Structures are given as C-alpha cells and as structure tokens.
Amino acid sequence: MATWFVALFVILLLSVGSAAAQDAPGTDAPSAGAAGIGDPYFDLLGNGGYDVQHYALDLWVDVEARELRGIAMIHAAATQSLSAFNLELDGLTVEAVSIDGEPAAFSHAGRELTITPAQPIAVGAEFRAFINYGGQPRVTGSAMIGFSQGWNFAPGGVVVASEPDGASSWYPVNDHPLDKATYTFNIIVPAGLEAVATGVLMDTVTEDGATRFTWEMRQPMASYLAAVQIGNFALQETTAPDGTPIRNYFPVDDFGQGQRVFERQGDMLVFFESLFGDYPFDVYGVVVVDQPLGFALETQSMSLFGSSIIMGGRMAEEVIAHELAHQWFGNSVTPARWQDIWLNEGFATYASWLWFEHDRGVEVLDRIVREQYDWVSGNWLMEADQGDPVDQDRLRRQLFIIVVPPGLPPARDLFNGGGVYIRGGLTLHALRLHVGDDVFFAILRAYYERFAFGNARVEDFIAAAEEVSGMDLTDFFQGWLYDPLIPDIPQMGLERLVEDAS
Ligand SMILES: [Zn+2]
C-alpha cells in the first residue's frame, strides 16, 4: 500500500499479547480448530486446523440495491482432526453450509463463522466447504480516509481494498496472510458494467441482462490482496519489454491521460526483474477507479489506484513503482505476521527510489535519501530552530509517536508512514552502504528466491542478510529496525541531531 497520509489505518486491538491457544499436536481425537491462526498482534485473525488450497467465489452484485450474494467454495486440507473449524465473515448473513455435499451445522458470532461438519474431518483429509451467504456489506474502517476496508459500493460500481483485514467483508475466509491460496472469481453484474479482479480474465458471458466475468489467480494469494473492482473502464492492453502482458483499466474519460501516466510501467517491471528475479505472476496491470482514494493498493497482479493518480507527476511515478515492487515484496513474499509489514512497505518504498536512481541518476537517489533522513530524524526541526534551542525531550517524545521503529510497529499503527515506509526504506539504503552494492543486491535476490510464493518474518531477512554477507549484522539491524531513534548514516555524513535519552 502507498499512502499520502502518515498514519492511515486505525486498527482496533482485538486483544493484547498472547497467541491463540493451539490444540495439542499428536492427539487423534477430533477437536475444534483454533479461532485464530496465531498472529501475536491479532489473536482472532485467521483460523487454525486447516490450510485453504483454493477459493472459488461466485458473486452476484446488485449495485443499485447495494447487495452482494455469494456462493463460496473453499477447498482445504485439515491439519488436525477437526470436529469444527472457523472462517471469518463480517456483516453478511450465512444461509447454508455444506461439506463435501452434506449439510453442516454453523453458528455466526461477530466475524467468526463456526462450521461443524456432520462427521469429523480426519487430519490430512481434503474437503470442500460450500457457503451460501449474502446481504449488504458492512462499512468498517477508518473515518480518517473516508473509505472503509473491504467491499465498498461507490457511485456506479464497487471498490474493494482489503488490507489488512477487510476480506471478510465480502467472502468467508481464513483471513490471515499466512494461509495463501489460489482463487477463481465468477462475478455476475448487470450487463453494461465490468468486473475486474485479481488474476487472469478467462471468460466473459452476457445473457439475460447480466454479464459473468471469470478471473483466475493461479499463484498463491493472501486474502488481503484479493479484489474485485466494478464500473465502466477503458482497457489498454500492452506488454512489458520482456513480454509480460499488461492490462490497464482506466476510467473511460481518462483513457489517454491514464496511458501517459502509466507508460513507464513496463520499463519498471523489467528493471525490478533485473534486481529481484522474474516477475512472479502471469500478468500485470492496474485498475484506476473513478474515485479519489487517497491511497493505492498492490492487489495481486492488478494494482488499485484512485483517480487522483491521473494527475501524474513524480508522486504518481513513485506510487506506480511502489505498487509494482510489491508484486515481489508483499505479494510473492508475504509477511508471516502483521508485525512483519516492513518486509512489504520498507522494500516497496526503497524499490521506488531505486527506480529513480536507475532512471534519473545516482544524485537523485542521494537527494531523496538526504531529504527523507532529514525528515524522519527530526533534524529539519533542529536545523530550523537554531536560534531557539528545541526542547530535546519534547522532540524525542514526538518522534516516537510520528516515526516508529520499522521492525516492530505497534499493532494500531502498522502503516506508520515515517517509520515503516520512510525509515524502513532508509534501512535498506543504510544496509546497502554497509555491505556494498554487490552483496546488498545478492541479499535481496537470495531472500526473494528463498521465500517466493510463501511467507517470511523480519528475522528471515536478517538471517539471509547475514548468510549472504558473512557478517554479523546484529547491531546494524538492532539500530535500524528496533531502536527508538534512527541511527546515523556515516557513509553519507548523515547524523541525527536529536540526542538519545541515555
Ligand atoms: Zn505499499
């Protein structure tokens, strides 16, 4: 995600601390799967006891009535002997559930949907759950951005952006990045509207006044990256210089300007391939909805932008590169826990600076790093206030709030702009200067290759960096990822003027 706000999402702490209780391994007696997957920050997110392989979602969308009706087929494998298991579904009503063709009992409290099959499911067994559901998606999320996470009916269509936990507003889901799966979307809309989803468009059939769009995502996808956008779009089909197909969906009135604003995307794609490895998915492209969103989101293989991107300029170019880079860092390599969000946002932020370095020269990168360091270190305030010494204690306290250490952002501030994004990007530049260019890019490639199409923790990146460099980087990462105040970058003569409390 890219944001033009420092703090975007206000996330309710569902509870503090302890991981969800796990069933003891090695027992054969069927038991209920855990109500949470074990995320240390959000103990009810995701669920235990099974691993989803594939979601097939049939969605009937009534834009006028603002209603959604769905049949979700969830193909999963039991990782324990299951007497019952949970899915997340928020604000919609479940009408019927069956498992492998047999009706199953269910109860629904808050967003926890508990399903009890007629017979227990054996450990290792694969099963198919069918869930019929529908209603009016509930509006949740932050009033600050005027936009709710998950499924939003907008004038003339639908806008979906689910990071971090909005997927359950539109389908029953094991809603945690740790359980990635492939997807089929069958979206049925009134004829004349278009439905654009994450994946490859397989089929379009119009009959009886309705059109069904079938989209497939064949690579594993985290639930927050699944999306459907509905409206009227003009389609540009092109290819990147390496042949990767690119499909861009623009608002009809912005078709020409949209093509101009996104014209470097193919060059960015091959540049990132040269640094990180092959582009992970079958296709790429963007959908620009006819709404000003105030953010963009790297929905898998089909990034989402609001109409303000059409204005172009350097900010637009940075965000376009940022969402594309997420296809490697975030979408292919996905955080194992939400606290690992630096692996998404620090990397996508730095990748966009690398694009500017590649395209405009090393002095442009140098300027970005100096400006951003000045900003997140608090130096700008110290420098501006020479005649009247700034109260260091007050400044330090403010910096802790505005710029969190990127390695472990607080649960309520995961998308902290100054900390996770900017200081997170500076962390990678400081690492590059510390180990040298060759080693740094070898680290990125080794880390990416090791965790592609899977999940990683911050500790996994640190381990890869130490392995590839042959260096002990404990102090380096302690300073950059976890210490409250940002370290110096001695190679550039950058020093933090705010003093440590110690
Ligand atoms: Zn991002």
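Keep in mind that this is a model prediction, so the values were computed, not measured. Counting starts at 1 for both ligands and their atoms, in listed order.
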- Message: Could you check whether R314 makes a cation-pi contact with F356, meaning its NZ or CZ is under 6.0 Å from the centre of the six-membered ring and within 45° of the ring axis?
- Response: yes
- Query: Would you call the rings of W328 and Y279 parallel, tilted or perpendicular, where under 30° means parallel and over 60° means perpendicular?
  - Reply: perpendicular
- Euclidean distance, S223 OG relative to D165 CG, rounded to 0.5 Å: 9.0 Å
- Item | For the Zn ion (ligand 1): the N/O/S atom of E345 at shortest distance | OE1
- Item | Nearest to the Zn ion (ligand 1) - the N/O/S atom of H322, by atom name | NE2
- Got a sec: is M1 within less than 2.8 Å of the Zn ion (ligand 1) via an N/O/S atom? yes
- Task: May I ask you to check whether F272 and Y448 place their ring centers less than 6.0 Å from one another?
- Result: no
